[in-house]
Undergrad: 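Just passing along the structure, written as structure tokens.
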There are 2 protein chains.
Amino acid sequence: MDGGGEGRGLLSDRIRNALTDEIAAGALAAGVSLDEQELADRFGASRTPVREALRQLASSGLVEVRPRRGVVVTRMTPERIMEMFETTAEFEAMCVRLATYRMTPLELSTLMNLHEQSAVPVKASDFDTYDALNRGFHEALYEATHNRFMVEQALAIRARLSAFRRTQLRHGERIRRSHAEHGGILQAIAEGDGDGAARRMRAHMLNAASALGRYVAEQTGS
Amino acid sequence: MDGGGEGRGLLSDRIRNALTDEIAAGALAAGVSLDEQELADRFGASRTPVREALRQLASSGLVEVRPRRGVVVTRMTPERIMEMFETTAEFEAMCVRLATYRMTPLELSTLMNLHEQSAVPVKASDFDTYDALNRGFHEALYEATHNRFMVEQALAIRARLSAFRRTQLRHGERIRRSHAEHGGILQAIAEGDGDGAARRMRAHMLNAASALGRYVAEQTGS
DNA sequence: GTCGCGCCTTCTGTATACAGGAGGCGGGTT
DNA sequence: AACCCGCCTCCTGTATACAGAAGGCGCGAC
């Protein structure tokens, strides 16, 4: 037996997750080069799974591999983060537009349920619960496109942002506005107004981005 | 020296490219399992670079890794391919909409140049040249979003489709219509009509998809 | 004193070796 | 005869070993 489900999967996967967290948390600063042997020692593993983990991180954009010159943590400028947010915003807008035209009544009802459920954590300022429901809301919208590939793309892009999203909702007022914006999107969907829903979604995401932007500015600027 | 530029990069990259081609060409049929040792022997390499190549293919979706149970070529149903095309179509529409609002005069002029250049291979039914220019046209549009991240996403999605795109333009009439549709998109851009350009781009991509659809139907159906 | 060349170190990329799990096959049992 | 259990094999996942490239440093030349 292991310590409770964490020693379960592949070693390379665990290393990848650990590195993902460290990069997201800032423990591994942008730009620092990652020595394979050093990481191997640190994780008590050999270079092989470390290499695999690093390649996986590279394909999700968290690190950059320069052939024969080592791996460095991708430098995430505020501009870059904003670009990622804009792309996510546009992608989600696109999804919600399609979803509006394709959603089944059952899916719409599920979405509305999610929305109402999330009113509770909003009132209680329970960030973690809201974050989970928020995530569910957006993912339900992806699913409603009825396009598996698009769902996967959306999830992949969203995953690349998750490192930065985690702090974004901790700003009291933002969570309330987020919930209200969801309501607006839902209404547009219910009215069959795909373009309107898309517009609202774009605005919703960009609002989140600008909330994050202020946070990033506080962190990097001074 | 090597045999002429192909032995250049990393071995794992060469293997990845070779496998990509073989899967795209159908030499490696969907669903077959890929034995690491067997591939290593075939490429005259060891399992290590083969493994890396397979993991990279997994992250681009061409193969699926089932932990401790081997790697299989992803089964690409016609539905799946259509989903990928739809996603690409929507993504490109989104790009061209943004590009319309952000493009510099210089970029617009470059695009128009590309378009005019491609009139030559259209007349000559020179598929390969047109394919290259077509590619350039679309990539120039990505760039015109002035959003590096979006460009990268667009290129990544496009790369995943390239395996199927290659056959799509070989159908005589299609190449002519494709060129005409590009013209329509350019005109909408020139008029600053982002939504119109997006609509035309979506139609353009879906036309290409339906051309491919007929081809796929011929292949799989009977 | 400054610039250029070559050696040396270090790390990546590749090969090989070892260990544990997954699935198949055969024998035993009911 | 059919089903279940256990062994056995193959293959993946991980560790270790080896070779070649990239960059740094020092020495020599101008």
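In what follows, chains are A, B, ... by sequence order, proteins preceding strands, each numbered from 1. No experiment lies behind these values; they were computed from the predicted model shown. Heavy-atom basis, side chains included; hydrogens, waters and symmetry copies ignored.
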Undergrad: If we count only N and O atoms by modelled type, under 3.5 Å, do the side chains of B:Glu152 and B:Tyr142 hold a donor and an acceptor together?
TA: no

Undergrad: Expressed in angstrom and rounded to an integer, what is the separation of A:Arg66 atom CZ from C:dT12 atom P?
TA: 10 Å

Undergrad: Roughly, in whole Å, what's the span from CD in A:Glu38 to C1' in C:dT12?
TA: 15 Å

Undergrad: For the pair made of CG in B:Leu11 and C1' in C:dT14, what is the distance, rounded to whole Å?
TA: 8 Å

Undergrad: State whether a side-chain donor-acceptor pair under 3.5 Å links B:Gln37 with B:Asp41.
TA: yes

Undergrad: Rounded to the Å, how far apart are A:Arg69 CZ and D:dA21 C1'?
TA: 12 Å

Undergrad: Got a list of protein N/O to nucleotides 9-11 of chain D N/O distances below 3.5 Å?
TA:
| unit_1 | atom_1 | unit_2 | atom_2 | d |
| --- | --- | --- | --- | --- |
| D:dC11 | O5' | B:Asp35 | OD1 | 3.3 |

Undergrad: Does a donor on one side chain and an acceptor on the other come within less than 3.5 Å for B:Tyr130 and B:Ser125?
TA: no

Undergrad: Look only at the side chain of B:Thr110 and the backbone of B:Leu106, and say whether a donor-acceptor pair between them is shorter than 3.5 Å.
TA: yes

Undergrad: Report the distance from atom CG of B:Leu10 to atom C1' of C:dT14, rounded to the nearest whole Å.
TA: 10 Å

Undergrad: Among residues 41-52 of chain A, which contact DNA chain D at a heavy-atom distance under 4.0 Å?
TA: A:Ala45, A:Ser46, A:Arg47, A:Thr48, A:Pro49

Undergrad: For A:Phe149, give me all partners under ring-ring contact (aromatic ring centres under 6.0 Å, His included), at least two apart in sequence or on another chain.
TA: none

Undergrad: Looking for any heavy atom pair under 4.0 Å, which part of the strands does B:Arg55 touch: base, sugar-phosphate only, or nothing?
TA: sugar-phosphate

Undergrad: For A:Asn134 and A:His179, does a side-chain donor sit closer than 3.5 Å to a side-chain acceptor?
TA: no

Undergrad: Would you say a side-chain N or O of B:Arg68 is under 4.0 Å from OP1 or OP2 of C:dG20?
TA: no

Undergrad: Do the rings of A:His138 and A:His204 sit parallel, tilted or perpendicular, given the 30° and 60° boundaries?
TA: parallel

Undergrad: Any chance the side chains of A:Glu107 and A:His146 put a donor and an acceptor closer than 3.5 Å?
TA: yes

Undergrad: Any side-chain N or O of B:Ser12 less than 4.0 Å from the OP1 or OP2 oxygen of C:dG13?
TA: no

Undergrad: For A:Leu34, answer base if it contacts any base atom (sugar-phosphate contacts may also be present), sugar-phosphate if it contacts only those atoms, and nothing otherwise; contact means non-hydrogen atoms under 4.0 Å.
TA: sugar-phosphate

Undergrad: Run the numbers on B:Glu83 and A:Arg148 for salt bridge (charged side-chain N to carboxylate O under 4.0 Å, His left out), then give the verdict.
TA: CA-CA 7 Å; B:Glu83 287 186 356; A:Arg148 285 305 310 163; over 6 Å; no

